Colleague: 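Here it is, the structure in full.
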Amino acid sequence: MGLPLLIVAGILIKLETDKGQLVIESDVPDIAVRIVGDANPNSEISLKQGVTATRLRAGKYELVINGQSDHLTIDNNQFTIQNGATVVARIRLEPRVKSPSRPSTVADNWGPGAEAEPELLYEGKPLSEWLDMLGRERSTAGLKDAFKACMSLTSPQTSDRITKALLKTVPGLNGAWNLDPEANTPPRTIDRYTSEVLRRANPGSSYYQLWVKEFESADENWRKRLWSYHNYRDYASATAMDPFITWAERLISQPSVVPLTAESDTFRAADTLRLISRDTGDNQQLIERIVTALKSSPLGPEWWLNQPLVHRDNRDPRNANAAPQDANLWPPALKSHMKKMAVEVLHDQKSDRSILAQACMILAHGAELSKEQRIRVLTAVNQHLVAVCADEHAMAETVTANTEFASLMMPNLLPFSHRNVQFSYSSRASKPYLVVELLDLVDELDGKDLVQDGITAVAKRVRPVSKLLNAASQKDSVGTRSSRQGGRGGFGGLPAVALRWPDLVSTDARTTVTVTVRQLWGQHIPTPRDWLMYCILHHPVMYEAPPAPPQQLQ
């Protein structure tokens with residue numbers, strides 16, 4: 001198993017994290033430090049500018065500079081190492097103070113033996129003026145220039161000033177304010193600029209130490225905004241993320257006295273840990289650490305089942321008729337527990353219907369079930385179908401699901417039915433029909449033989465619509481249908497009816513479509529519920545034999 005990687009200021013370092021480690025961020029090059037402690041006394045390290053890491057045994061330590069230490073300070077010079085934990089210390093260069101014996105001149109600043117370098121400028125102004133502008137300016141152009149100045153003037157010597165100024169001013173601004181309204185790129189908001197500047201001023205794990213400290217003292221509004229300050233590019237670095245991971249582990253382990261929601265900090269922390277496990281590459285040690293924390297937390301199915309197992313891409317620009325492509329989203333250990341939770345939810349006849357619909361989509365797309373799990377799932381599906389169909393109104397009702405499931409919500413209709421009815425749906429649609437998701441799961445598991453009671457219950461509910469369709473089709477001969485030419489996509493040359501999913505309202509009011517509706521329904525004007533029954537009639541699970549033309553359906 002490979003060691004985790006840390007990339008800071010162009011330096012690539014491999015770290016071992018099975019024991020405690022010390023990360024030293026140095027503003028200055030070529031200095032030596034001693035690490036004094038009972039467990040590892042008087043170890044000496046030579047540092048270059050940037051980041052250096054070393055493993056230490058658990059215990060208490062002190063970091064001491066060897067040799068001349070004027071104008072150098074150490075943040076966190078006394079620390080305790082624990083197994084598996086990371087401690088960060090930083091060596092800073094304090095600016096030299098000029099002698100007050102005489103006024104400073106340009107020659108002092110630039111000539112030989114000058115005690116301090118001149119302050120850098122951005123567009124002719126020093127940092128102090130830009131920070132003052134940041135605190136007072138409220139025009140889009142002025143704020144944008146102030147942020148760009150902070151980005152350009154960030155250095156080890158200015159990072160503290162810039163960080164403090166941002167954290168004092170930005171919480172009182174509108175974080176969604178777009179400072180580049182004319183750009184054809186994702187919005188460059190105040191919060192996005194702030195995140196970028198803070199990262200530059202506080203590289204590596206220092207940023208997430210700052211994030212945790214700021215979050216714990218923030219009010220509710222500022223906490224919500226701070227969640228957007230995460231950078232998914234960091235997820236490849238376990239060391240950079242360690243302060244956040246440690247904090248999130250502690251947060252999700254705490255029992256909640258109120259029901260958790262998707263907007264709660266616990267949910268957001270768990271969501272971020274799950275994303276880290278996905279994007280951290282092959283760092284199995286970190287993945288196991290995260291999965292263990294999530295599984296031991298009090299998080300229930302509301303969180304575990306709020307994401308699908310796969311990402312579905314329904315679009316292939318080279319082939320419009322190509323089958324959708326599914327890509328796995330999560331590491332195997334997470335998928336296994338999500339599958340287990342979905343099976344348990346399905347087996348509970350009292351499960352919330354929204355969670356139940358998501359469990360169906362998880363098990364139907366990307367889950368590998370054992371023979372015993374398949375039988376258990378289909379037995380439960382049979383019972384749920386009977387229960388849903390017992391209430392005529394409940395059968396036609398949609399439930400609310402996470403928008404991440406939108407691409408999986410379309411029903412598995414028989415191909416021939418698409419010549420008569422075509423669907424469009426929004427990627428933000430989040431209202432599946434529970435009865436459709438149950439039927440799709442039966443189809444995916446090829447389980448019609450184990451859900452006969454459920455299929456019978458569904459057939460009883462759709463029988464009135466089946467009779468309407470049969471009555472309309474019998475008034476029109478096959479010869480009359482097949483003689484109609486010139487349309488596209490529909491049965492007998494007639495255009496297909498376009499419906500929005502899931503509200504099942506026509507998106508096309510052309511006269512020819514109205515003719516097609518009459519071919520299917522006669523004088524009956526179909527409601528959204530009628531169209532739902534039509535879809536169910538054309539679901540593969542509802543057929544005992546290869547499909548016949550609509551007028552021959554029984």
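All of these numbers come straight from a predicted model, not from anything done at the bench. When reading the values below, keep in mind they use all heavy atoms of this one structure, side chains included, and skip hydrogens, waters and symmetry mates.
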Colleague: Do any pairs count as a side-chain hydrogen bond (donor to acceptor under 3.5 Å, both in side chains) and have a residue in residues 329-346, sequence neighbours left out, and if so which ones?
Modeller: N328-K335
Colleague: Verify, without hydrogens or angle tests, whether T280 (side chain) and N283 (backbone) share a donor-acceptor contact under 3.5 angstrom.
Modeller: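 Not confirmed, T280 side chain does not pair with N283 backbone.
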Colleague: Check whether any side-chain heavy atom of R138 sits under 4.5 Å from a side-chain heavy atom of L173, and report yes or no.
Modeller: yes
Colleague: Salt-bridge test for E196 and R200: reply yes if a basic N is under 4.0 Å from a carboxylate O, no otherwise.
Modeller: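 No.
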Colleague: Do R90 and S26 come close enough that some side-chain heavy atom pair is under 4.5 Å?
Modeller: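 No, side chains not in contact.
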Colleague: Using only atom types and a distance under 3.5 Å, with no angle test, would you say the side chain of S354 pairs donor to acceptor with the backbone of T400?
Modeller: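 The answer is yes, because a donor-acceptor pair under 3.5 Å joins these two groups.
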Colleague: For T158 and L153, indicate whether the former's side chain and the latter's backbone hold a donor-acceptor pair under 3.5 Å.
Modeller: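 Yes.
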Colleague: Do S206 and E25 come within less than 4.5 Å of each other through their side chains, counting heavy atoms only?
Modeller: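 Yes; the side chains approach each other to less than 4.5 Å.
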Colleague: Any cation-pi pair here, R274 with W303, using under 6.0 Å and within 45°?
Modeller: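 Geometry flag: set, cation within 6.0 Å and 45°.
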Colleague: With distance as the sole criterion, is a donor-acceptor pair present between the side chains of R199 and S195 under 3.5 Å?
Modeller: yes
Colleague: Just by distance, no angles: are the side chains of S264 and T261 close enough, under 3.5 Å, to form a donor-acceptor pair?
Modeller: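 On atom types as modelled, these side chains do not qualify, holding no pair under 3.5 Å.
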Colleague: Salt bridge check, D132 against R136: does any charged N sit closer than 4.0 Å to a carboxylate O?
Modeller: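 Looking at R136 and D132, the cut-off is met.
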Colleague: Do you see a donor-acceptor pair shorter than 3.5 Å between the side chains of T272 and W227?
Modeller: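 Short answer, no.
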Colleague: Can you list everything that forms a salt bridge (Lys or Arg N to Asp or Glu O under 4.0 Å) with E216? Sequence neighbours excluded, please.
Modeller: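 Expected list: R250.
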Colleague: Can you list every pair that meets side-chain hydrogen bond (donor to acceptor under 3.5 Å, both in side chains) and has a residue in residues 141-151, with sequence neighbours left out?
Modeller: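 Listed by first then second residue: K144-D180.
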Colleague: Please say which of W247, W222, F244 ends up in a ring pair (Phe, Tyr, Trp, His ring centres under 6.0 Å) with F215.
Modeller: W247
Colleague: Is the shortest side-chain heavy-atom distance between H230 and Y208 below 4.5 Å?
Modeller: yes
Colleague: Would you say the side-chain atoms of N202 and T163 include a donor-acceptor pair closer than 3.5 Å?
Modeller: yes
